Amino acid sequence: MVSGHRSVEDTDEAVRARLGDTPVRQERMAAVAGLYRAAASVRQHLENSVLRGAELTWTSFVVLWVVWVRGAWETRRVAEEAGISKGTLTGVARTLQSRGLMARTPHPTDGRLALLSLTPEGEALMARTFPEFHAEEAFVTEGLTDDEALTLAELLRRIVTQVETRGAERRLELLDGADPAPRRSGRRAKT
């Protein structure tokens with residue numbers, strides 16, 4: 001057991017004890033639970049190693065990565081590619097701008113839109129940080145062969161494709177055609 005944390009096996013055993021005779025598709029539940037655990041574990045490792053040294057959060061690194069790879073890009077596209085809301089992107093981009101890593105400029109043909117691009121300092125940070133980040137990608141997948149890593153990537157791509165192509169339809173079905181309720185921040189409503 002890791003200090004203060006339950007092992008994966010302990011958690012699986014606790015789930016089985018809690019569910020008892022409840023009908024579940026164990027293999028599907030295990031796949032999603034494993035996906036979540038792996039993503040959280042990898043994210044935490046990278047945030048506490050490479051990204052901490054660069055004074056970046058996971059989200060700020062992903063935003064920098066998207067703009068580094070794509071070049072100057074519309075804010076809405078950056079948010080979509082990074083998998084975050086436009087509101088979250090606004091805060092992250094402001095922080096990166098205040099650090100001199102990112103620039104925001106008006107769109108050349110549509111004044112309602114803005115473009116994000118990296119400054120020379122942002123380019124230099126990514127050029128320094130990415131090799132370290134990639135070394136940790138290699139570290140966390142060290143237990144896999146190259147073929148297994150490619151198979152895992154393909155399987156994960158299929159999960160993403162399923163959600164992207166059929167998720168909206170499924171959500172409508174689950175909600176009897178109603179729009180989803182607005183997200184709550186976890187804060188209590190003001191009275």
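Start at 1 with the first residue, then count along the sequence. Because the structure is predicted, anything quoted here is derived from the model rather than measured.
- Taken from CG in Leu56 to CZ in Phe133, the straight-line distance is 10.5 Å, to the nearest 0.5 Å.
- When the side chains of ILVMFWY residues are joined at heavy-atom separations under 4.5 Å, either directly or via intervening members, Leu35 and Trp58 end up in two distinct hydrophobic clusters.
- Judged as a salt bridge (Lys or Arg N to Asp or Glu O under 4.0 Å), the pairs with a partner in residues 64-76 (not counting sequence neighbours) are, in order, Arg70-Glu81, Glu74-Arg76.
- Listed by first then second residue, pairs satisfying salt bridge (Lys or Arg N to Asp or Glu O under 4.0 Å) with a partner in residues 116-135 number zero, not counting sequence neighbours.
- Ala82 meets the side chain to side chain contact (heavy atoms under 4.5 Å, CB included) test with Val62, Val63, Val66, Ile84; sequence neighbours excluded.
- Within the structure, no pair that satisfies the ring-ring contact (aromatic ring centres under 6.0 Å, His included) test touches residues 78-113, not counting sequence neighbours.
- Between Pro108 and Leu115 there is a side-chain heavy-atom pair separated by less than 4.5 Å.
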Does Met102 form a side chain to side chain contact (heavy atoms under 4.5 Å, CB included) with Val92? I'd like the steps, not just the answer.
CA-CA 10 Å; Met102 184 168 278; Val92 170; over 6 Å; no
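- Within the structure, the salt bridge (Lys or Arg N to Asp or Glu O under 4.0 Å) test picks out the following pairs touching residues 36-46 (sequence neighbours left out): Asp12-Arg37, Arg43-Glu47.
- For residues 72-99, no residue pair satisfies the ring-ring contact (aromatic ring centres under 6.0 Å, His included) rule, not counting sequence neighbours.
- Residue pairs meeting the salt bridge (Lys or Arg N to Asp or Glu O under 4.0 Å) criterion with at least one member in residues 169-181, sequence neighbours excluded: Arg170-Glu173.
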Side-chain donor-acceptor contacts of residues 134-144 below 3.5 Å, not counting sequence neighbours, with atom names and distances?
{"residue": "His134", "atom": "ND1", "partner": "Glu137", "partner atom": "OE1", "Å": "2.9"}
{"residue": "Glu136", "atom": "OE1", "partner": "His45", "partner atom": "NE2", "Å": "2.7"}
{"residue": "Thr141", "atom": "OG1", "partner": "Glu137", "partner atom": "O", "Å": "2.9"}
{"residue": "Thr141", "atom": "OG1", "partner": "Ala138", "partner atom": "O", "Å": "3.3"}

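- Atoms CG and CG, on Leu101 and Leu118 in that order, are 8.0 Å from each other to the nearest 0.5 Å.
- The cluster map of Ile, Leu, Val, Met, Phe, Trp and Tyr, joined by side-chain heavy atoms under 4.5 Å apart, puts Leu113 and Leu116 in different clusters.
- The salt bridge (Lys or Arg N to Asp or Glu O under 4.0 Å) check on Arg112 picks up Asp110, with sequence neighbours excluded.
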Throw together a table of side-chain donor-acceptor distances under 3.5 angstrom for residues 149-160, partners on residues two or more places apart or in other chains.
{"residue": "Thr151", "atom": "OG1", "partner": "Asp147", "partner atom": "O", "Å": "3.0"}
{"residue": "Glu154", "atom": "OE1", "partner": "Arg157", "partner atom": "NH1", "Å": "3.1"}

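- Between Glu80 atom CD and Leu89 atom CG the span is 11.0 Å, to the nearest 0.5 Å.
- By the side chain to side chain contact (heavy atoms under 4.5 Å, CB included) test, Arg25 is found to be paired with Glu27, Arg28, residues two or more places apart in sequence or in another chain being considered.
- We find the OG1-CH2 distance between Thr129 and Trp65 to be 12.0 Å, quoted to the nearest 0.5 Å.
- Note that the OH atom of Tyr36 and the OG atom of Ser41 stand 11.0 Å from one another [nearest 0.5 Å].
- Applying the side chain to side chain donor-acceptor pair (under 3.5 Å) test to residues at least two apart or on different chains, the pairs with a partner in residues 86-103 are Ser85-Thr88.
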